[in-house]
Amino acid sequence: MFSGKNRSRRQEIRKNRPDMAWIDWEKWQEHGVPLSVGIACAFFIVASGILMFRQDVVPYRPGQWLNHDIVSRVNFHYNDPARLDEKQKEARARAPRVYQANGDVWREVEDKLDQLPDLVAGQAGPSAELQKYFDSGAVTALRRSAAAANRDDYIRHVADYVDFLRQYRVQIGGKSFPITVLPEFERAQETRLRKPVTLSDLGVMDSTRTFSIRSPELRDILATSSRVQFLLALQPAMVQYTLAILQPTHALDEAATTVAADRAADEVNPREGDVFYAENQVLVYKSRHDGRALDKPSWNILRAEHHEYLKSLRGSRWVSRVGVGGVVLAITFVLCCYITFYEPRILRNHTRQTAIAALLLSMLLLNQIAAIGDGPIYLFGLAPTLLVAMIITIAYDQRSAMGIASMHALLATIALNQNVTFFVVLWVGVLTVCFLLDDIRTRSKLIEVGGATALAMAGVTAAAGLLAFDPWEVIRQNCLYAGAAGLGVGFVVLGILPFIEKAFKITTSMTLLEMADISQPLLRRLQLEAPGTYSHSLQVAALSEAAAEAIGANSLLCRVASYYHDVGKINKADYFCENQSDGENRHLNLSPSVSLLIIIGHVKDGVELAREYNLPSSIIPFIQQHHGTTLVRYFFHQAKTQQEQQQPDMPAVCDTQYRYPGPKPKTREVAIVMLADAIESAARTMGEATPSRIESLIRDIAQNRLLDGQFDECDITMREIEQIERSLMKTLTGIYHGRVVYPSMNPERTEPAPATTAAVRSA
């Protein structure tokens, strides 16, 4: 029993101790701290996982100027693509070319030789072409063969002559091949290279044992056969004529030759391209040694050595991973502290926390992918972080973007395995973006900021290059890449700006200016269906814009939101006095409670219309909150009077029943529109709008709203309320200014207009 009392007492004491308030778990749950911590932990885990790939990053890039030799840390084999390609080229060159059979050329020779006696036996004698091969003795012998008695013998001798050539065999390595005649040019190439040839019908053959038409060996074979079959007078002529009409037995097949060369290249063992590098062997000499920056083949060698080195570490790699995790944890902690102290509204919105974490991680992944590849580091390494800086500046403010993007720049530098000069270049780009990107009212703003960022980073890149004694060519290339990164990000953000607005539920000034266009469908409806409300909205816009400028609030948002704050009156425009042009008051026949529902219903109707017409989310709070929970005084007093007259015994009407449902204004801008709306409506009822009466009206309305607690939920101060009052008075005095009453142009009017007095009327 006593132990229970003591336990309760200790719990009560701990509950009331000031130093124990920070571990109030229920309060933390109420503010969503556990979920925020969970998002931070998820960010840490994913970011650490991404940065684990930095071990695969080669700390040098193609095009980089090297100030020292790079030596191998381990023994390794590198499969050199250039060497393998050279081996494959050699295999292609060694592959025999393919020749296709050119038909039965010996049959064609036999047919043409059979026709010779007829060609020379005519009255005209042999043609000039034949005279080049056959002299008079040979012609005489052929004419004799043309006789019927000798014709069969001639044909038989020709057949035997050709059969000898057809049956002739060339012995090559234990194999026999028939006479193979190749085209002159192709055979000269084959014999010069001493390459074999592939005959489609015979197989592979030594090219030196083939013949061309001019080959002396082929002439000797023909002469041997001719001596056996023909008379002495015909023998030389028949050999010469045979060589003249003989076609190559095989022709080069380009397509088949290409296929054979490809097959030979494919059969090359990939290990043929291996090159062995010993430990401490120089892989790449410093650039001053040969005057060149690091090229792509040398970078591939460094990457192969880097992978072999990582394999040799084995268990030691976890030491590096633990170090990466510790660094990421520290950066995550600093990032969370920065957001907690300088941007607490992010902590209240877990959706935005998730969006920011996703943005940072996705851009970090792009950084890491760029580092693993061989792309220019000053282009793909800088752009993602600059994109983070632009998006956060647009979604929040410059200070928030500066801190968050700086932390991301640190992570990017670690992911890219770069030195401090790279971080300085990146940080200068982040600062330039954050300082210059304040308000986006034109499409060219993002391009201008991107151009300024490009110039700033190019200048710092040039300074870093001079510091490292890089040559001008390398400095110029890096400056171009850095400038392209800055300018390119401006164009990218310009293209995705609508998606940024939807993702973070923000509205840029450029979108607000588009919504202020009179041709917007909802404004056109308001102008046509509720012209009095439209005129009232224009006046409220002028008042609220000037008041917002007086206290440094978002004047453009106040002006555009004022255009739409009363759009809900479109549905029942005739029930609002500013639209009753015929003077008929439609509330005369309605009870105060019904009239109240119609009046306060324009808030709900306005929100529905805003969503139907896809108005920006930043305008909807003005429609919901511009009346707050104020009292509808006219109908409240009317209901109170009716009850006192008709039911005096009943309890008095409660004013809470005749108030707008709210909520109260959450921002200074909504509070300004609330005051401007009420003051403009009241000013229209003034008979004579003198400056003193305007001032009294403004102070009364502002005092009533303040005492009614309408400003309790927004961060507006008394000093700002006073500044708003002065601005509203100045603007209203300009609207309801005094004017001289000019003499009437009607001759029937006899009274003179006062010359020294002015009649005040509504402008």
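Hydrogens, waters and symmetry mates are skipped; everything else that's a heavy atom, side chains included, is used.
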**Q** Quick one: list whatever passes side-chain contact (heavy atoms from CB on, under 4.5 Å) with Ala484, sequence neighbours left out.
**A** Leu379
**Q** Is the number of heavy atoms from other residues, nucleotides or ligands within 6.0 Å of CH2 (Trp427) greater than 12?
**A** no
**Q** List in chain and number order the residues that pass side chain to side chain donor-acceptor pair (under 3.5 Å) with Ser362, two or more places apart in sequence or in another chain; answer none if no residue qualifies.
**A** none
**Q** Residues two or more places apart in sequence or in another chain: which of them pass side-chain contact (heavy atoms from CB on, under 4.5 Å) with Lys195?
**A** Arg97, Glu190, Leu193
**Q** Using the rule given for ring pair (Phe, Tyr, Trp, His ring centres under 6.0 Å), can you reason through Phe422 versus Tyr378, listing the C-alpha separation, both sets of side-chain angles and the distance that settles it, and then say yes or no?
**A** CA-CA 8 Å; Phe422 179 85; Tyr378 276 90; 5.7 Å; yes
**Q** Do Gln100 and Ser200 have side-chain atoms, one donor and one acceptor, less than 3.5 Å apart?
**A** yes
**Q** Restricting to side chain to side chain donor-acceptor pair (under 3.5 Å), what partner residues turn up for Asn280, sequence neighbours left out?
**A** none
**Q** Go through the structure and list residues passing salt bridge (charged side-chain N to carboxylate O under 4.0 Å, His left out) with Glu217, not counting sequence neighbours.
**A** none
**Q** Kindly write out the residues that satisfy side-chain contact (heavy atoms from CB on, under 4.5 Å) with Arg192, not counting sequence neighbours, or none if the list is empty.
**A** Gln189
**Q** Checking side-chain hydrogen bond (donor to acceptor under 3.5 Å, both in side chains) for the pair Asn75/Glu279: CA distance, chi angles, key distance, verdict?
**A** CA-CA 5 Å; Asn75 298 325; Glu279 186 178 357; 4.8 Å; no
**Q** With a cut-off of 3.5 Å and sequence neighbours excluded, list every side-chain donor-acceptor pair involving residues 488-495.
**A**
none

**Q** Tell me every residue that passes salt bridge (charged side-chain N to carboxylate O under 4.0 Å, His left out) with Arg107, counting only those two or more places apart in sequence or in another chain.
**A** Glu110
**Q** Roughly how far, to the nearest 0.5 Å, is CD1 of Ile372 from CG of Asn417?
**A** 11.5 Å
**Q** With sequence neighbours excluded, what pairs up with Ile45 under the side-chain contact (heavy atoms from CB on, under 4.5 Å) test?
**A** none
**Q** Would you find more than 12 non-hydrogen atoms of other residues, nucleotides or ligands less than 6.0 Å from Phe499 atom CZ?
**A** no
**Q** What pairs of donor and acceptor atoms, side-chain ones from residues 168-177 against any protein atom, are under 3.5 angstrom apart with sequence neighbours left out?
**A**
residue	atom	partner	partner atom	Å
Arg169	NH1	Arg166	O	3.3

**Q** Taking the side chain as everything from C-beta on, heavy atoms only, tell me whether Leu361 gets closer than 4.5 Å to Phe43.
**A** yes
**Q** Do Gln418 and Ile377 have side chains that get closer than 4.5 Å, going by heavy atoms?
**A** yes
**Q** So do the side chains of Leu283 and Val71 get within less than 4.5 Å of each other, counting heavy atoms only?
**A** no
**Q** How far does CD1 of Ile500 sit from CD1 of Ile391, to the nearest 0.5 angstrom?
**A** 4.0 Å
**Q** Which residues satisfy the side chain to side chain donor-acceptor pair (under 3.5 Å) test with Asn419, sequence neighbours excluded?
**A** Thr421
**Q** Are side-chain N/O atoms of Ser215 and Ser212 paired as donor and acceptor at under 3.5 Å?
**A** yes
**Q** Are Leu199 and Val197 packed together at the side-chain level, in the sense that at least one heavy-atom pair is separated by less than 4.5 angstrom?
**A** yes
**Q** Distance-only check: which donor-acceptor pairs under 3.5 Å involve side-chain atoms of residues 232-251, not counting sequence neighbours?
**A**
residue	atom	partner	partner atom	Å
Gln235	NE2	Phe230	O	2.9
Thr242	OG1	Tyr161	OH	3.0
Thr242	OG1	Met238	O	2.6
Thr249	OG1	Val181	N	2.8
Thr249	OG1	Val181	O	3.1
His250	NE2	Asp201	OD1	2.9

